[in-house]
Amino acid sequence: MLPFCRWLEQTSVGAGVRESLWLFPAIETLHLLGMTALVGTAAVFDLRLLGWMLRRERVTGTQLFTSEAVKVYTNPAFRVKMLLIFLAGVHALIFHWGVYRDVASWDDSGVLPAGAKVAGFVSILLWIGIVAAGRFIGFV
């Protein structure tokens with residue numbers, strides 16, 4: 001692994017980031033902001049599930065649903081969104097029960113399993129569909 005790290009440092013990207021006055025701090029700032037958004041969101045959700053904070057707040061976006069429940073229930077875009085959310089949950093279960101069981105070996109093999117790549121692609125498509133269907137609710 002050390003030879004790979006030595007080679008990586010010497011690539012044009014590695015050298016460019018290392019030698020730039022502003023590039024490393026800019027990339028690190030974006031990295032930290034992304035991690036903060038991801039971990040912060042997950043932490044708030046998990047703390048809510050544990051009942052340690054936001055106990056009076058709903059766990060999901062049901063506030064929007066409750067404001068127009070009958071109207072939204074009959075909306076085809078809402079139904080597509082709910083179906084896609086269900087499929088995303090099923091997809092996550094299948095991923096964790098299947099491909100993810102061997103995650104420890106992924107780094108050693110140097111090549112991600114095809115199932116992991118397919119799972120990532122399917123997940124992205126599902127979430128794009130969920131967001132798109134959510135946006136269409138107001139227009140259908």
Side-chain angles (χ1 to χ4, degrees):
M1 188 68 174
L2 185 57
F4 172 75
C5 291
R6 286 186 180 129
W7 169 82
L8 192 59
E9 268 190 14
Q10 299 310 311
T11 64
S12 60
V13 173
V17 171
R18 183 177 54 256
E19 294 170 6
S20 171
L21 179 63
W22 296 106
L23 201 51
F24 186 91
I27 293 170
E28 186 170 25
T29 299
L30 290 175
H31 175 72
L32 291 173
L33 288 172
M35 287 184 59
T36 300
L38 176 65
V39 174
T41 302
V44 168
F45 185 75
D46 292 343
L47 291 171
R48 168 60 182 97
L49 290 177
L50 289 167
W52 294 354
M53 65 180 290
L54 302 172
R55 291 182 189 170
R56 291 191 172 114
E57 301 298 323
R58 299 205 177 260
V59 176
T60 67
T62 56
Q63 294 95 337
L64 295 173
F65 178 73
T66 60
S67 70
E68 297 180 315
V70 173
K71 177 182 173 185
V72 174
Y73 175 76
T74 59
N75 186 304
F78 174 77
R79 291 178 176 228
V80 168
K81 180 180 178 180
M82 292 301 106
L83 173 64
L84 291 174
I85 288 173
F86 173 77
L87 292 175
V90 170
H91 175 264
L93 287 174
I94 292 170
F95 173 74
H96 281 280
W97 287 340
V99 177
Y100 191 75
R101 288 183 312 186
D102 298 326
V103 71
S105 67
W106 294 3
D107 289 335
D108 296 335
S109 72
V111 178
L112 285 175
K117 292 178 182 181
V118 169
F121 183 71
V122 169
S123 181
I124 287 171
L125 289 180
L126 284 168
W127 286 105
I128 288 172
I130 290 165
V131 170
R135 290 298 304 137
F136 272 89
I137 290 172
F139 302 102
V140 175

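Everything numeric in this text was worked out from a predicted model, so none of it was measured.
- For the pair Ser20 (side chain) and Val17 (backbone), a donor-acceptor distance under 3.5 Å is absent.
- Counting all heavy atoms, side chain and backbone alike, Glu9 lies closest to Arg18 at O-NH1, 3.0 Å.
- Atom CZ of Phe95 has more than 12 heavy atoms from other residues, nucleotides or ligands within 6.0 Å.
- The OG1 atom of Thr11 sits 15.5 Å away from atom CZ of Arg6, with the distance rounded to the nearest 0.5 Å.
- Among residue pairs with one or both ends in residues 66-88, those qualifying as ring-ring contact (aromatic ring centres under 6.0 Å, His included) are Phe65-Phe78; sequence neighbours excluded.
- Judged as a side chain to side chain contact (heavy atoms under 4.5 Å, CB included), and not counting sequence neighbours, Ala26 has no contacts.
- For Ile94, the side chain to side chain contact (heavy atoms under 4.5 Å, CB included) partners two or more places apart in sequence, or in a different chain, are Val90.
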Between side-chain atoms of residues 123-140 and protein atoms elsewhere (two or more places apart, or another chain), which donor-acceptor pairs fall under 3.5 Å?
none

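- Connectivity analysis of hydrophobic side chains (ILVMFWY, heavy atoms under 4.5 Å, direct or indirect) links Leu21 to Trp22.
- Chaining together hydrophobic side chains whose heavy atoms lie under 4.5 Å apart places Trp97 alongside Leu93.
- The CE atom of Met82 lies 12.0 Å from the CG atom of Leu87; values are rounded to the nearest 0.5 Å.
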